[in-house]
Each structure stands twice: as C-alpha cells, then as structure tokens.
Amino acid sequence: VIPVLLTERLRLRAPDAADFVHRAEFYASERSVWEGGPLGEVEAWRVFAADVGLWVLRGYGPFAVEDRWSGAYLGEVGIYQAREYPETELGWFVVPEAEGQGIAFEAARAVLNWVQGRFGWRRLVNYIEPGNERSIALGLRLGGVIDPTLPGIDPGDVVIRHDLGAPA
Amino acid sequence: VTPTLATQRLVLRPIRLADFEPYAALLASDRACYMDGPHDRAKAWAWFTGDVAGWQLFGRGALSVEVAESGKLAGQVGFGTGGDFPEVELGWFLHEGFEGHGFATEACAALRDSGFGPGGLETFVSYIDPDNRPSRRLAERLGAAVDPDAATPNGDPTLVYRHRRPA
C-alpha cells in the first residue's frame, strides 16, 4: 500500500492515471530537455507507467504531490530507479504554475524523511544534467553534496549524494 | 491489490522482480517479432514495469503465469491500458518450451473472465499481427472476433480481435 505523506502545505499520495496529463504536458514541452525530452505522448506514457510500476515491484516509487488544501496537482516527487540507474534516485517534477514556491524542496524533504531507515539504504542520489542549474541548486539546498566519484547515467551527469542515517 | 488466479493447471500470480530476466530475454529474441521486437533491456524494463503498473493505475494489469505442478514460469497474460492502445488490451506471451499445451488459452480465459467479472469491462480487444497465426487461433478459441472498425495502436495495420462480455 502506497502511503500518504503530509507536510505543512502538501499531500504526497499514490500516483493515479489522471495525473498522467501533467507528465505528458511536461514531456511535450521544452522543460523536459534535461529529462530526455521532448517526448511524444506514447513515450511519455511508458516513462510514467514504468515509474509507477516501481511501487508494485519494489515498494517505493514516485508520489504525486498535491496542494493539501485545494487538492490541486503540483507535481511528482519520489524515488526513481530505471534499469540503467546505478542507484536509487531522489527525483522531482513540478508543474510550471507551482514553480518558485519551494514545493519540490518541501516534498523532497518529506520523501527523505520517509525513506530514512526504511529500506536499508545508505544514500539516495540525484542524476542531473550539468545545464540544469535549478535542480542542482535544489539538490544542494536539500543538503546533498556533489560527488564526482559516483557514476551517472549519461556522461557528464552531476551526481548529488544524499547520505541517510545508518539503517535502523 | 494484485489478484492471484488459479486454473486447472496454472497459477496466475503477481509479477515479481525475478520475472524480469526471462522477460528481457524474450523481448531480445526472435520470439518478440510480433511485438515490434527485438527490444533492448532498457525498453524491456520500461515495458515490464509498465505492465505491472496497470494494477496501481487502473486496477487491472498483467500477471505471471506459472505451471502449478512445477512452479515454473510459463509466460505472462495481462490487461494493457494507455500508451498507444486505443482500448484496453488482453495480451499474452509464453516462454520458449511452454507452447502446445493450451497454457495461453487457459490463462487468457481466466483473466478474461475476471475482466468481465463484477464491476468489470463490457469489452476489450487483442491486437494481433495478421501473420501471427497461433495468436489469432487463440483469440478465436476465446470467442473473440475481428472488429474491422476498431482503432489500432498508432493507426498501424493490425487485426483487432474484440472480446465481449457474455450476455
């Protein structure tokens, strides 16, 4: 069962099929250039469904993020692990209207707290293309450190390491 | 929650991570020729996890098929939704060495019946390459019939076999 995480402003919940329209819009736009986009709707669907499938197979995955009070969809934050990922990634995506409000920061903090001691992981990482300065800044603001010794997905990826507490 | 379905000779159970290696091997082989294959591992992983995600997103997805007696993984059956599918699809495949026993028919019939069960669908389809004779025969054994008016994935030429809820 996918948990619900609450923060001051946000509800993190299981993704549902209706959330896809936002991911499709993101992948159709230039905003997705750092995430392998732009992608057509069919390809975007494959990415979305594959991310959601992680929950069933591994017990973790991405959460849909919504405004706790209005219920408005704001984005997706959580754990990603495509086949070619060397480690589990902490990832985020925010709809354009919700940018600049610290939404991804608040949601990512909640996810970091949730994984703490839960899966026996020593750390999470972010794989970020070097030109994606906003995501790099967010990774660092969350307390992550750039670790050039860790492998990325693509050559030149900035890998940010988020150390977790010792496994409980 | 992903169900487990038992038939006379088979167990249809939730897909597990360990099922991925044979899945990737199948997609990389000539057996995937009617699935637009062969496909590499990254593609296989995206499909595999997507097959599983149907249960989370739509309450119906894919199941692994095991031979009850031996516990061996024989293949997969599933409902597929979204992506390039205009309608919900009932799909299936068997791993090498498991053909010729009627396993796919038995597994598909069980999943089809559950799809038509309480709160279920009125109709779904199977997209089948016209040259894929075994799959066509299987669809016909299940009672499905070609629907010449149905939309196809991406508008590609393929046969659409329609399954209808029994009256």
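Side-chain atoms are counted along with the backbone in the values below, which use heavy atoms only and exclude waters and symmetry mates.
When heavy atoms are compared at a cutoff of 4.5 Å, B/Asp51 does not approach chain A at all. Interface remark: A/Phe48 contributes side-chain atoms only to the contact with chain B (heavy atom separation under 4.5 Å). Using a 4.5 Å cut-off between heavy atoms, B/Phe20 contacts chain A through its side chain alone, with no backbone atom that close.
Between A/Phe63 and A/Trp114, the ring planes are perpendicular. Angles over 60° get that label, and only those under 30° would be called parallel.
Here A/Tyr127 and A/Tyr80 keep their ring centres 6.0 angstrom or further from each other. Aromatic ring centres of A/Tyr27 and A/Trp45 lie farther apart than the 6.0 Å criterion allows.
The candidate from A/Asp16, A/Val52, A/Val47 with the greatest count of non-hydrogen atom pairs under 4.5 Å with chain B is A/Val52.
Test B/Arg164, B/Arg162, B/His163 against B/Thr123 for side-chain hydrogen bond (donor to acceptor under 3.5 Å, both in side chains) and you get one pass: B/Arg162.
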